[in-house]
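Index from 1, following the sequence. Since we're looking at a predicted model, the values are computed, not measured. Every number for a ligand or one of its atoms is a count from 1 in the order of the listing.
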Amino acid sequence: MNESQIMQLKQYIEEAHITTFYGGAGVSTESGIPDYRSREGTYTKMEAANQDPKKIMNRRYIKNNPIEFFNRPEPERGKVEPNSAHKMLAALEKSGHDIRVITQNVDGLHQKAGHRWVLELHGSGRTWYCMDCERVYLPHELQRDKDNVPRCYVDNGIVRPGVVFFGENVQPENLTKTKETIQKSDLLIIAGTSLTVFPANQLIYEFKGRRVVMINKEKLPIQQLNVDLYIEAPVGETFAALNAHYNFNL
Ligand SMILES: [Zn+2]
């Protein structure tokens, strides 16, 4: 990352009418949330422990093995807070820029930073629902049985996180809204995603606008789209550098 790239990013944002920020796991790693597939990633570690993420992070597994699912060891995690990327995007929005966040993450950090336009493509861990009747519960309201399995008040169904797991589809209304938003944006910022998961890796091709920025550890080959600016740097660090030109109080 160099200064001329940051100046370029600023110019693009200032000239855009609608910016879509299309983010993946790499947006939250600087907040202390591991990504999935890198060396320290959640799935890499599960596989190292002989657990198949595709089998475990799966509706059928929760139904058939709720005790195992809700008692599986969770990695130790410090306090998770929004980083400079979440905060800077929210500050830009608050200052009147139309910045629309479409995220593959389920951590709610954009909202926590105060962002008002956020679409969570893969659902959210902030709301849970009953697998039988779809009643919605907040994490702090969960009632667990003696085996630590969260249960529905009404039908005793298993209550699970509202996250899109393996083998499940993105909510159709989220797909539609994502497409419409990308189609009417004139700046698309793709950040911290390896674009390996369907349909997240296809939706970017809805873009018809003017400029594409990629902020990522590696430059991804995206056919059909010309990347105008590629910044090889951590996403939070990039937005911290951008803030040197705005001086928001993050
Ligand atoms: Zn229920």
Side-chain angles (χ1 to χ4, degrees), residues 23-25 27-28 31-36 41-43 45-47 49-82 86 100-181 197-200 202-203:
V27 178
S28 291
S31 292
I33 297 178
D35 63 14
Y36 297 104
T42 305
Y43 294 161
K45 283 191 166 170
M46 284 177 83
E47 279 161 2
N50 273 324
Q51 298 174 328
D52 179 358
K54 281 204 169 73
K55 202 186 105 190
I56 294 171
M57 308 310 284
N58 185 300
R59 179 182 187 88
R60 189 180 303 161
Y61 186 86
I62 303 173
K63 271 272 186 196
N64 295 338
N65 309 275
I67 298 173
E68 287 81 354
F69 182 84
F70 289 103
N71 291 285
R72 71 193 192 283
E74 292 267 22
E76 283 282 324
R77 221 168 256 184
K79 199 165 159 42
V80 171
E81 293 292 344
H86 305 103
R100 307 187 181 195
V101 171
I102 297 173
T103 181
Q104 297 168 61
N105 298 337
V106 296
D107 51 41
L109 287 176
H110 287 288
Q111 292 93 331
K112 201 170 176 191
H115 213 108
R116 303 289 151 182
W117 204 110
V118 182
L119 187 150
E120 295 168 302
L121 206 46
H122 292 165
S124 152
R126 289 170 304 127
T127 56
W128 292 43
Y129 67 92
C130 171
M131 294 175 80
D132 291 335
C133 71
E134 301 194 341
R135 278 191 168 74
V136 173
Y137 292 84
L138 298 177
H140 70 270
E141 300 172 329
L142 295 175
Q143 242 172 42
R144 293 176 185 262
D145 65 14
K146 64 176 179 22
D147 295 316
N148 198 37
V149 177
R151 294 286 180 182
C152 176
Y153 302 154
V154 176
D155 55 15
N156 207 38
I158 298 165
V159 178
R160 58 161 279 182
V163 169
V164 176
F165 285 143
F166 286 104
E168 294 178 330
N169 294 321
V170 170
Q171 297 265 333
E173 61 267 30
N174 280 347
L175 269 188
T176 307
K177 199 172 167 192
T178 296
K179 282 183 190 168
E180 287 171 0
T181 303
V197 186
F198 180 84
Q202 293 303 311
L203 291 166

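Using a 4.5 Å heavy-atom cutoff, the side chains of Glu120 and Asn105 are not in contact. The shortest distance between side-chain heavy atoms of Tyr153 and Cys130 does not fall below 4.5 Å.
Within a 6.0 Å radius of CZ in Arg116, no more than 12 heavy atoms belonging to other residues, nucleotides or ligands are found.
If you put the vertex on the Zn ion (ligand 1), SG of Cys130 and OD2 of Asp155 sit 100° apart, to the nearest 10°. An angle of 110° is found at the Zn ion (ligand 1) between Cys133 atom SG and Cys152 atom SG, rounded to 10°.
With a cut-off of 2.8 Å, the Zn ion (ligand 1) has no N, O or S atom of Glu134 in range.
Of the charged side-chain nitrogens involved, at least one lies within less than 4.0 Å of a carboxylate oxygen, so that Lys63 and Asp132 count as a salt-bridged pair.
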